[in-house]
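Working notes for the structure below.
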Amino acid sequence: MHTTHLENLAESLRGALGDKLIGIQVRHGELTINVHAEDIFTASEMLRDDPILAFDTLIDLCGIDYLMYGDDLSEKNNFKSRRFAVIYHLLSVDRNHRLRIRVLAENNDFPVVDSVTDIWPVANWFEREAFDLYGVVFTGHPDLRRILTDYGFIGNPFRKDFPITGHVEMRYDAEQKRVIYQPVTIEPREITPLVIREENYGDCES
Amino acid sequence: MAEIRNYTMNFGPQHPAAHGVLRLVLELDGEVVLRADPHIGLLHRATEKLAENKTYIQSVPYMDRLDYVSMMVNEHAYVMAIEKLLQVEVPIRAQYIRVMFDEITRILNHLLWIGAHALDVGAMTMFLYAFREREDLMDCYEAVSGARLHAAYYRPGGVYRDLPDTMPQYQPSKIHNQKQTRARNSNREGSLLDFIEDFTNRFPTYVDEYETLLTDNRIWKQRLVDIGIVSPERAKALGFTGPMLRGSGVEWDLRRKQPYEVYDRIDFDIPVGVNGDCYDRYLVRMEEFRQSNRIIKQCIDWLRINPGPVITDNHKIAPPSRVDMKQNMEEMIHHFKLFTEGFHVPPGETYAAVEHPKGEFGIYLVSNGANKPYRLKIRAPGFAHLAALDEMSRGHMISDVVAIIGTQDIVFGEIDR
């Protein structure tokens, strides 16, 4: 998208959202705004109904866990000590522009964000997914159930402190003649170690 | 008088019309659907979590396994997201190859869709016809990447290798003698481009055959017309993209509206529906067959006369050639580093989307500067479409649910991820 178009969009966002907007960044031709968790419902309503913005579709909604993002980066992006966020990707089919919203949840132990299901019905399943995988609770959601994990699953598997092997494994038990759950027997292993290089390593500008 | 109660029925996950592992809990009043509650996740493999524990290159084959009937387009969105963060230029020839294979993949996907959809509705022959053509396109995949399905052909910075000059040939066997084998090999004498061109010349006739079978077929129309109507406003609110949105009459195609690669240099039309029912979505996809065929022809013409590199020469991202690697110390180090540690992506976040055969397929990538993604979110078009199944099937008969599942082009690899 052209820069002038993005600047115009940023300008109309400032006008429409006013003090609800707490941060605006442009990177890689994409616009990201930050909104407080308590404002997301009213802000979304404005974004959809404003004739210039007209975000008629919610393309994606996902949770994210900033636990191991790196102190410097969290500092730079003002995540402070907050761990969970919900990322919204909006699209306006009418006006042909996109927007990303980041909403940081206030409480790390019990992250709560308002549901936007009433504004974009597509959010229903996306919010269920974020609830399932990250444990983010969406207030006002009509049917907040787990969606991707197994019936009776315990925990939130995409949190950074959840091991990739999981906690339980399933097998058929010949004596009891049924499928049982038991603690995992495999050791966690790392095939390729995670490496973070210093800045500007290998001439790649950040 | 006997009490009349609603009836709750379980549909799938082991059902031929469930397209894999869909479990539907249907609340019925007689034969009328009052509520449909899809239970998904039976194919959940936590691809996004796995990707967080793998280097960027190691996750490319996982993308093939998302929507396993349109493999290369999934890879496309993934490599585009990485390229955006790395700000690496993709050679123009690689862009044309990508566009050509995107469209081959679109035909592959729609062929499976028309086969499965018609089979669900009761037309067995379509399935056999569709698989006849898929065979040729699978051979293209095989010639270029070595694999018929899970290609892992698109790489950050370009594609794995250039198009081959020869096609693999059939060998005589007990079933096919020398003469028959020669006839089967007749369109495999030249390069891959010759083979694809031969296919694009034959393919419009095949689409005509499909249309003869279905478009004016009375049974087909009785099963599809006025089933699962979605208004344009509702389609947007429900997050529909791709043929599902176009079927409702919204002219929206990322290839045209937000062009990526070389789609802005290519001539094609966007078909749209009028009523937003299953039949219109069928017509939209049938026209996409012809448009994809047109795009492939244009790519072939360009690729014939424009040789060049197909992957970036930045060896921090793409491996050097085997010859260079064995003769040059620096290239050796590059090779070693790439295949042990992988490349590093600068910190940041991006969203890259492509026009997938099913809709908008997007990758939201967050990097913290490591050799592995910090967070990878896959936006699967089928996920939003299946979420609307409840609304689309309400008030219809139970047999219409099968037609609606077919029109949504559900594949569980991408929905469950």
Side-chain angles (χ1 to χ4, degrees), chain A residues 1 27-30 32 48 56-60 62-66 68-70 72-73 76 87 89 91 93-94 96 98 100 119-126 129 132-133 143 146-151 157-158 160 162 164 166 190-197 199 201-206, chain B residues 37 39-42 44 46 48-50 52-55 58 84-87 233-241 245 250 252 257-258 314 316-317 340-351 353 360 362 364 366 368-372 374-375 377 379 383-384 386-388 391 416-417:
Chain A
M1 228 185 290
R27 282 288 297 277
H28 306 294
E30 295 167 27
T32 311
R48 183 194 59 180
D56 41 22
T57 302
L58 175 74
I59 277 292
D60 190 23
C62 67
I64 183 165
D65 178 0
Y66 285 116
M68 296 174 183
Y69 195 49
D72 298 356
L73 282 171
K76 209 163 99 188
I87 314 282
H89 283 97
L91 167 72
V93 170
D94 281 348
N96 192 6
R98 286 177 190 274
R100 179 183 305 127
I119 300 167
W120 298 290
V122 59
N124 187 327
W125 275 27
F126 284 128
E129 187 192 318
D132 187 1
L133 303 178
D143 183 22
R146 285 187 178 270
I147 186 163
L148 288 176
T149 50
D150 199 1
Y151 304 110
F158 277 28
K160 286 283 177 180
F162 191 96
I164 192 159
E190 193 166 44
I191 300 156
T192 315
L194 182 89
V195 186
I196 299 181
R197 295 286 179 186
E199 239 170 81
Y201 171 85
D203 313 324
C204 276
E205 287 290 315
S206 61
Chain B
D37 181 15
H39 285 213
I40 64 167
L42 288 107
H44 182 55
E48 296 160 6
K49 180 98 175 171
L50 286 171
E52 288 173 14
N53 291 275
K54 301 258 182 295
T55 64
Q58 285 169 347
K84 224 164 158 184
L85 279 181
L86 284 168
Q87 299 185 347
E233 292 72 30
R234 202 61 198 157
K236 283 187 256 179
L238 289 168
F240 282 12
T241 44
L245 185 58
V250 182
W252 176 260
K257 302 288 177 182
Q258 297 174 3
N314 182 349
K316 297 262 188 279
I317 294 154
T340 53
E341 187 182 304
F343 54 79
H344 292 256
V345 171
E349 55 184 351
T350 191
Y351 177 80
E360 176 174 330
Y364 172 54
V366 182
N368 61 347
N371 54 345
K372 301 172 182 179
Y374 183 77
R375 169 87 168 103
K377 170 72 198 323
R379 194 274 175 193
F383 190 81
L386 187 62
E391 186 172 321
D416 288 349
R417 285 161 289 152

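Every chain is numbered from 1 and lettered A, B, ... according to where its sequence line falls, protein lines coming before strand lines. Every value quoted in this text rests on a predicted model; they were computed, and no experiment measured them. Side-chain atoms are counted along with the backbone in the values below, which use heavy atoms only and exclude waters and symmetry mates.
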Region of B:N53 in contact with chain A, defined by heavy-atom distances below 4.5 Å: side chain
Mind ranking A:I87, A:T32, A:I119, A:L58 by heavy-atom pairs under 4.5 Å with chain B and telling me who comes out on top? A:I87
Please classify the contact between B:V345 and chain A as side chain, backbone, both or neither, with a heavy-atom cut-off of under 4.5 Å. neither
Where does B:T55 contact chain A at under 4.5 Å (heavy atoms): side chain, backbone, both or neither? side chain
Using a strict threshold of under 4.0 Å (side-chain N to carboxylate O), is an ion pair present between B:K257 and B:E360? no
Sort A:R48 into side chain, backbone, both or neither according to what part of it lies under 4.5 angstrom from a heavy atom of chain B. neither
Check this for me, if you would: do B:E48 and B:R417 make a salt bridge, where the nitrogen-to-carboxylate-oxygen distance has to be below 4.0 angstrom? yes
Output yes when a side-chain donor or acceptor of B:Y374 lies under 3.5 Å from a complementary backbone atom of A:D65, and no otherwise. yes
Where B:K84 and A:H28 come nearest, the two heavy atoms and their spacing: O-ND1, 3.4 Å
Contacts of type side chain to side chain contact (heavy atoms under 4.5 Å, CB included), residue B:A46, not counting sequence neighbours: A:F158, B:H44, B:K49
Measure distances from B:K236 to the heavy atoms of chain A and classify the residue's part below 4.5 Å as side chain, backbone, both or neither. both
Sequence neighbours excluded, the answer for side chain to side chain contact (heavy atoms under 4.5 Å, CB included) partners of B:L42 is B:P13, B:V21, B:R23
Check whether B:F383 gets within reach of chain A through its side chain, its backbone, both or neither, counting any heavy atom under 4.5 Å. both
Among A:D132, A:D94, A:I147, which has the most heavy-atom pairs under 4.5 Å with chain B? A:I147
Between A:L91 and chain B, which part of the residue has a heavy atom less than 4.5 Å away: side chain, backbone, both or neither? side chain
Between A:D60 (side chain only) and A:H89 (backbone N and O only), is there a donor and an acceptor less than 3.5 Å apart? no
So do A:I64 and A:Y69 actually touch side chain to side chain, heavy atoms under 4.5 Å? no
Largest heavy-atom contact set with chain B, pairs under 4.5 Å, which of A:R100, A:R146, A:M68: A:R100
Side chain, backbone, both or neither: which part of A:Y151 has a non-hydrogen atom closer than 4.5 Å to chain B? side chain
Is A:N124 in contact with chain B via its backbone, its side chain, both, or neither, using a 4.5 Å heavy-atom distance? neither
Measuring from atom CG of A:D143 to atom CG of B:D37, what distance do you get when rounded to the nearest 0.5 angstrom? 7.0 Å
For B:E349, which atoms come within 4.5 Å of any heavy atom of chain A: side chain, backbone, both, or neither? both
What part of B:Q58 lies closer than 4.5 angstrom to a heavy atom of chain A: side chain, backbone, both or neither? side chain
Let me know if B:T241 has heavy atoms under 4.5 Å from chain A in its side chain, its backbone, both or neither. side chain
